[in-house]
Amino acid sequence: MSGSSTPKSLPSSGQKSLHDIKHPLSCSPGAEEDTVYDGLVVSDTPSPDLIHTEPSSIGDKDLSLPNGTPADTSSPASSSSLLNRLQLDDDMDGETRDLFVTVDDPKKHVCTMETYITYRVMTKTTRTEFDLPEYSIRRRYQDFDWLRLKLEETQPTHFIPPLPEKFVVKGVVDRFSEEFVETRRRALDKFLKRIADHPVLSFNEHFNVFLTAKDLNSHKKQGVTLLSKMGESVRYVTSGYKLRNRPLEFSAITEYLDTFALKLGTIDRIAQRIIKEEVEYLMELREYGPVYSTWSALEGELREPLEGVSACIGNCSTALEELTEDMTEDFLPVLREYILYSESMKNVLKKRDQVQAEYEAKLEAAALKREEKTGVPTEVEKCQDKVECFNADLKADMERWQNNKRQDFRQLLMGMADKNIQYYEKVK
């Protein structure tokens, strides 16, 4: 991003054809894409004719979504070669960042009515929209929640990054423990960084206020925006309407997100069970090792081998504790973030369908009033513009999300592989 005051347009807004979109579940990444789906030619936006058919001479093949990179089944020589490849991919982004945000320094506040945690939010920027080059303010969780709600209201066509869950089960998780606060801090930091790196969301006025205002109370007291009220009216009008011509690419995206969230949910549950078993095993090791140590004091001839066994068990215990911490602090949070992300994205797709439903309803109304020269055609054009805007923004955000997901999971999985290698090297 440049330092200009005008938001940079999304790179793929309105430029990518439906035929360029690959199906996420396709098992043959090298396969050619179809230009005709089930005998239908699908345009980026619904036309007044809604649908156009023509005979298809090409066999049915899978649709796909952009997955960032072609599949590579070759095995690298080492994990370091994988890391080098990842770093090269990261450097290909080519964007110039002019807004840097970090969340750190959590502090506990004890008041008469409540106890809560605040985090320091530090901002450095060269953008002209900011009066100063640096800011440092403190925010609590509910402030982050306010920001996200405002972004959903004012940027309904974009994917808004998720926040970590607000509520925890009392008696199971101590929300004031050092581990919990640090995990939440990292999630909040990721949330703001994703917004700051977005070419549209980062220019949102509410984001600016969040980063710069000393007190958000005056801004929070403002009522529901007009855009939000309009969205409610659209939902009311189109609540029982079934789309006639939903573009296949958006159906494919929804199907992909459902499968993606399901797979991640399964991995998350299994990973939590593994961590639980490792913690139980760790407790056993901590009791098991000292037995050999105390035994060695009673056995003169066996003292050396018994102490060796005790030391070996101690090494295994230390290595397992480190591996369990890495799983808890690094692996699980990423899974949960993307599970929440997929739910947020599906909500945006529903909003897009509501806008298309409004367009189709107005189009039908215009067809019934063709003989009357009223303002209906103009309303139809406005609705069509909304659909086009939604389609372009969703496709651009989907491509951006896929790239981020690819980098995040490659880094995550490679990191966990390295941690497991280190673990087995320590216990061998």
Side-chain angles (χ1 to χ4, degrees), residues 21-27 29 62-73 82 86 89-90 148 152 158-169 172-173 179-180 182-184 186-191 193-195 197-198 249-279 323-350 394 397-420:
I21 305 298
K22 297 181 178 180
H23 194 281
L25 307 178
S26 174
C27 58
D62 286 341
L63 295 175
S64 295
L65 296 175
N67 57 9
T69 60
D72 185 1
T73 57
L82 265 178
L86 173 64
D89 288 347
D90 290 346
R148 192 178 189 284
E152 285 186 334
H158 290 284
F159 296 147
I160 311 300
L163 282 171
E165 295 95 336
K166 180 177 182 179
F167 300 102
V168 296
V169 180
V172 177
V173 178
E179 295 79 8
F180 178 82
E182 174 60 18
T183 300
R184 172 166 284 188
R186 294 170 65 179
L188 295 176
D189 182 73
K190 174 70 73 174
F191 169 72
K193 280 181 167 57
R194 291 201 188 279
I195 298 174
D197 291 341
H198 195 281
E249 61 180 314
F250 296 113
S251 297
I253 291 175
T254 301
E255 180 183 352
Y256 169 73
L257 292 175
D258 288 337
T259 304
F260 178 71
L262 180 63
K263 297 298 182 184
L264 286 192
T266 301
I267 295 174
D268 180 57
R269 288 191 298 273
I270 295 175
Q272 290 190 59
R273 289 202 300 267
I274 292 175
I275 292 175
K276 181 180 178 181
E277 292 174 358
E278 287 178 343
V279 170
L323 181 63
T324 302
E325 289 179 355
D326 291 330
M327 287 280 290
T328 303
E329 297 175 2
D330 299 330
F331 190 72
L332 292 182
V334 175
L335 295 182
R336 289 166 183 165
E337 181 201 7
Y338 272 92
I339 291 173
L340 294 173
Y341 222 141
S342 63
E343 294 301 319
S344 174
M345 294 164 68
K346 285 189 285 187
N347 289 334
V348 178
L349 288 168
K350 291 179 181 178
L394 281 177
D397 272 13
M398 188 66 191
E399 181 177 354
R400 188 179 191 87
W401 180 82
Q402 288 282 12
N403 288 333
N404 288 338
K405 175 176 67 69
R406 170 179 58 88
Q407 295 178 7
D408 288 346
F409 275 93
R410 288 182 66 181
Q411 183 177 5
L412 175 69
L413 298 176
M414 286 163 43
M416 291 308 302
D418 287 339
K419 295 295 183 181
N420 277 273

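For the atom pair CD1 (I270) and CG (L335), the distance works out to 11.0 Å, reported to the nearest 0.5 Å. Note: I267 CD1 to L262 CG = 10.0 Å, rounded to the nearest 0.5 Å. One finds the CD1 atom of I195 at 12.5 Å from the NZ atom of K190 (value rounded to the nearest 0.5 Å). From T183, atom OG1 reaches atom CG of L188 across 11.0 Å, with rounding to the nearest 0.5 Å.
Residues meeting the salt bridge (charged side-chain N to carboxylate O under 4.0 Å, His left out) test with K346, sequence neighbours left out: D258, E343. When the side chain to side chain contact (heavy atoms under 4.5 Å, CB included) test is applied to T324, the partners found at least two apart in sequence or on another chain are I275, E278, V279, L320, T328. Residues that satisfy the side chain to side chain contact (heavy atoms under 4.5 Å, CB included) test with A187, not counting sequence neighbours, are P164.
For the pair H198 and R194, the minimum side-chain heavy-atom distance is 4.5 Å or more. Contact of the E337 side chain with the F191 side chain is not registered, since no non-hydrogen atoms from C-beta on lie closer than 4.5 Å. Two residues are said to be in side-chain contact when any heavy atoms from C-beta on lie closer than 4.5 Å; F260 and M345 fail this criterion. Here the side chains of L257 and L349 are in contact, with some heavy-atom distance below 4.5 Å. The shortest side-chain heavy-atom distance between F409 and L264 falls under the 4.5 Å cut-off. The closest side-chain heavy-atom distance from F331 to L412 is below 4.5 Å. Between N420 and M327, every side-chain heavy-atom pair lies at or beyond the 4.5 Å cut-off.
The two atoms that bring M416 and D326 nearest to each other are SD-O, 4.4 Å, heavy atoms only. Heavy atoms only, all atoms of each residue included: P162 and L340 are closest at CB-CB, 3.6 Å. The shortest non-hydrogen separation linking A271 to L332 is CB-CD2, 3.7 Å.
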task = Might you work through the side-chain hydrogen bond (donor to acceptor under 3.5 Å, both in side chains) test for D268 and Q272, ending with a clear yes or no?
result = CA-CA 6 Å; D268 180 57; Q272 290 190 59; 2.9 Å; yes
CA sep, side-chain torsions, deciding dist, call: D330, R186, side-chain contact (heavy atoms from CB on, under 4.5 Å) = CA-CA 10 Å; D330 299 330; R186 294 170 65 179; 2.8 Å; yes
request  = Take R148 and S344 through the test side-chain hydrogen bond (donor to acceptor under 3.5 Å, both in side chains) and record every step on the way to the result.
outcome  = CA-CA 11 Å; R148 192 178 189 284; S344 174; 2.7 Å; yes
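Ion pair K193/D189 flagged as a salt bridge, since at least one NZ, NE, NH1 or NH2 atom sits closer than 4.0 Å to an Asp/Glu carboxylate oxygen. By the 4.0 Å N-to-carboxylate-O rule, R273 lies too far from E277 to be salt-bridged with it.
Using bins of under 30°, 30° to 60° and over 60° for the plane-to-plane angle, the ring pair Y338/W401 lands in the tilted bin.
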